[in-house]
Protein chains: 2
Amino acid sequence: MLISGMATLVDEIPSDTKERLLDVAERLFAEHGFDAVSLRAITAEAGANLAAVNYHFGSKEALIGAVVARLVEPVNRKRLELLDAIKNDGQCDVREIVMAFLDPVLEASARGAGGDNRFFKLMSRCMAARDERVSKLVMRQFPEVVARFVEIICECCPGLSSNTAHLRLLFMAGAMAHSLFHHDKLAIVSQGRCTLPTFEVLREEMVIFLAAGLAAQEVGEYQQR
Amino acid sequence: MLISGMATLVDEIPSDTKERLLDVAERLFAEHGFDAVSLRAITAEAGANLAAVNYHFGSKEALIGAVVARLVEPVNRKRLELLDAIKNDGQCDVREIVMAFLDPVLEASARGAGGDNRFFKLMSRCMAARDERVSKLVMRQFPEVVARFVEIICECCPGLSSNTAHLRLLFMAGAMAHSLFHHDKLAIVSQGRCTLPTFEVLREEMVIFLAAGLAAQEVGEYQQR
DNA sequence: GATCGTTTAAAACAAACGTTTTATTCGAAA
DNA sequence: TTTCGAATAAAACGTTTGTTTTAAACGATC
């Protein structure tokens, strides 16, 4: 039997079943949510036995953690790389900040099975998960990204306080997550009056909107702190 | 026994138990999600019997629908009222559009048990619900609001296409929902480097950010359609 | 070729869920 | 007082869930 303490060892031994479980779980979790997807559904679709999840990961929650980590880590790494590239340029364009935050997500989603935006879907589901340990787990992967983006936002937008930069980063993340998650529902709420955007259009419109928001001028009390 | 066809009749007969169930369910659903809250938890906290939910509402899903309708309807009505007030003014300030969308939510949340932002929490949970009927149910309450806001956004921002106005409304809703849902998590991801904003600060910062985004200038292909 | 650790397979477990059924209580109308 | 329908109470039902247990198959090492 395998205990959790051996997780680091197991990671070094690739298992086809393990990867298939991760792939299927990632897709099903993003699309239907953690609670809606049973281990039976995952193992059946992955062609594995029901007990395989508990054998390879220890528990359903641990599987969730593995799925999230595998998806978030490369995205956040790429974000920081893009941020470094901006710094080396010397110039400072707000649009580039927005793209540095957004593009790695779009790239990761496109790499998966066809633009289903698993990243933000999984992020949203994590943040709203019934088990707080899941949300804690994902939030532990963001401090560095947050700090770096706040830093560059403050550099790029003179006069902006750190507090306000944090909030605007929150607004930006929310706008992205929500619109990439629910943009297909525009057809219903607009009653067909809105042309459904392609991902390129959605990206371009987002950059324009968010860059303007990030760079907005203000004079408020909160700003002074 | 009570069948669903008698629902309209029952609505006219106020029942303390029924209202208590709605109150408790609204709070618990918003805080923990639909799946995480059992009927046993709701009825226990409401001081009612387990069977009371199925007796008064027919099913758990019907209870969810009742909770959502009771919360969304007055908010959307207030939004349209504020929009009418703007129109009568004759002037057109983007900030007022943002506030017309946001303030009724804050007001409703404040009216409840202390600024827990049930509205956007419940909205988010509905849009991501495992049962599609729940998301369909809530989206059926938004076409009028969407149409009216798109209309006034187009009036207020000359040169903006209907398509882009729809998208910017989506961005705005996402930024609001996300930040009102998760603003308390800023303490963790910022590692204490961010002063947690009060609701008034959050509101003011949101208005500045979103007004700038809504009014942003652009020249894109999507714009021409 | 036997052996041992790793992996898969199949079955069973206990717990929690939404729902239904059956009894009981209560209050107003006849 | 009697009666009848609405409301509450209590118990049970059938499913589904994550997890555990037990058994079998596989694969490299000695």
Side-chain angles (χ1 to χ4, degrees), chain A residues 1-25 28-29 32-67 125 129-134, chain B residues 1-25 28-29 32-67 125 129-134:
Chain A
M1 184 178 175
L2 199 67
I3 57 173
S4 59
M6 294 174 65
T8 52
L9 179 64
V10 174
D11 280 344
E12 295 166 3
I13 301 172
S15 163
D16 284 341
T17 300
K18 202 176 173 184
E19 286 185 16
R20 266 184 291 126
L21 286 173
L22 283 171
D23 288 338
V24 172
L28 293 184
F29 282 154
H32 305 102
F34 301 126
D35 294 327
V37 177
S38 67
L39 295 186
R40 284 167 177 82
I42 296 172
T43 51
E45 195 155 332
N49 189 269
L50 169 60
V53 167
N54 278 279
Y55 175 75
H56 284 287
F57 299 94
S59 68
K60 183 181 184 179
E61 185 188 308
L63 172 64
I64 296 175
V67 167
R125 298 198 187 280
R130 63 198 295 179
D131 192 336
E132 281 200 4
R133 285 174 297 185
V134 174
Chain B
M1 186 180 176
L2 199 67
I3 56 173
S4 59
M6 295 173 64
T8 53
L9 179 64
V10 172
D11 281 343
E12 295 164 5
I13 302 171
S15 163
D16 283 341
T17 300
K18 202 175 175 185
E19 286 186 16
R20 265 183 292 126
L21 286 174
L22 283 172
D23 288 340
V24 172
L28 293 184
F29 281 154
H32 304 102
F34 300 126
D35 294 327
V37 177
S38 67
L39 296 186
R40 285 170 173 82
I42 296 172
T43 51
E45 195 154 330
N49 189 269
L50 170 59
V53 167
N54 279 278
Y55 176 77
H56 283 288
F57 299 95
S59 68
K60 183 180 183 179
E61 184 188 308
L63 172 64
I64 295 174
V67 166
R125 298 199 187 278
R130 63 199 294 180
D131 194 333
E132 281 202 3
R133 287 175 295 187
V134 174

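So that the names make sense, note that chain A is the first sequence line, chain B the second, and so on, each numbered from 1. The structure presented is a predicted model; accordingly, all values stated were derived computationally and were not measured.
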K.L.:
Does B:F34 have any ring-ring contact (aromatic ring centres under 6.0 Å, His included) partners at least two apart in sequence or in another chain, and if so, which?
P.N.:
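In terms of ring-ring contact (aromatic ring centres under 6.0 Å, His included), with neighbours along the sequence ignored, B:F34 is linked to B:F29.
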
K.L.:
Looking at A:H56, does any N or O in its side chain come under 4.0 Å of the phosphate oxygens OP1/OP2 on C:dT6?
P.N.:
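So the side chain of A:H56 is outside the cut-off, no N or O lying under 4.0 Å from OP1 or OP2 of C:dT6.
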
K.L.:
Judged by each residue's nearest nucleotide on DNA chain C, which is more toward the 5′ side, A:G47 or B:V53?
P.N.:
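Closest to the 5' end, via its nearest nucleotide, is A:G47.
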
K.L.:
Of all residues at least two apart in sequence or in a different chain, which pass the side chain to side chain contact (heavy atoms under 4.5 Å, CB included) check with B:A62?
P.N.:
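Partners of B:A62 under the side chain to side chain contact (heavy atoms under 4.5 Å, CB included) test: B:F57, B:S59.
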
K.L.:
Measure from CD on A:E19 to P on C:dT8 and round the result to the nearest Å.
P.N.:
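Going from CD in A:E19 over to P in C:dT8 covers 12 Å.
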
K.L.:
D:dT20 P sits how many Å from A:F57 CZ, rounded?
P.N.:
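Atom CZ in A:F57 sits about 16 Å away from atom P in D:dT20.
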
K.L.:
Return the set of residues passing side-chain hydrogen bond (donor to acceptor under 3.5 Å, both in side chains) with B:N49 (not counting sequence neighbours), or none when no residue passes.
P.N.:
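B:N49: no side-chain hydrogen bond (donor to acceptor under 3.5 Å, both in side chains) contacts found.
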
K.L.:
Please name all residues satisfying side chain to side chain contact (heavy atoms under 4.5 Å, CB included) with B:L50, sequence neighbours left out, ordered by chain then number.
P.N.:
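In terms of side chain to side chain contact (heavy atoms under 4.5 Å, CB included), with neighbours along the sequence ignored, B:L50 is linked to B:L39, B:R40, B:T43.
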
K.L.:
Whole-Å distance between C:dA16 C1' and B:H32 NE2?
P.N.:
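B:H32 atom NE2 is separated from C:dA16 atom C1' by 17 Å.
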
K.L.:
So which protein N/O to nucleotides 11-18 of chain D N/O distances come out below 3.5 Å?
P.N.:
residue: D:dG18; atom: OP1; partner: A:K60; partner atom: NZ; Å: 2.5
residue: D:dG18; atom: OP2; partner: A:L39; partner atom: N; Å: 3.0
residue: D:dG18; atom: N7; partner: A:R40; partner atom: NH1; Å: 2.9
residue: D:dG18; atom: O6; partner: A:R40; partner atom: NH2; Å: 2.9

K.L.:
My understanding is that only residues two or more places apart in sequence, or in another chain, count here; which of them pass salt bridge (Lys or Arg N to Asp or Glu O under 4.0 Å) with B:R130?
P.N.:
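B:D35.
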
K.L.:
Could you tell me the separation between the CG atom of A:D16 and the C1' atom of C:dT8, rounded to a whole number of Å?
P.N.:
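Between C1' of C:dT8 and CG of A:D16: 13 Å.
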
K.L.:
Is the closest side-chain heavy-atom distance between A:L63 and A:N54 below 4.5 Å?
P.N.:
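Contact flag for A:L63/A:N54 side chains = no.
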
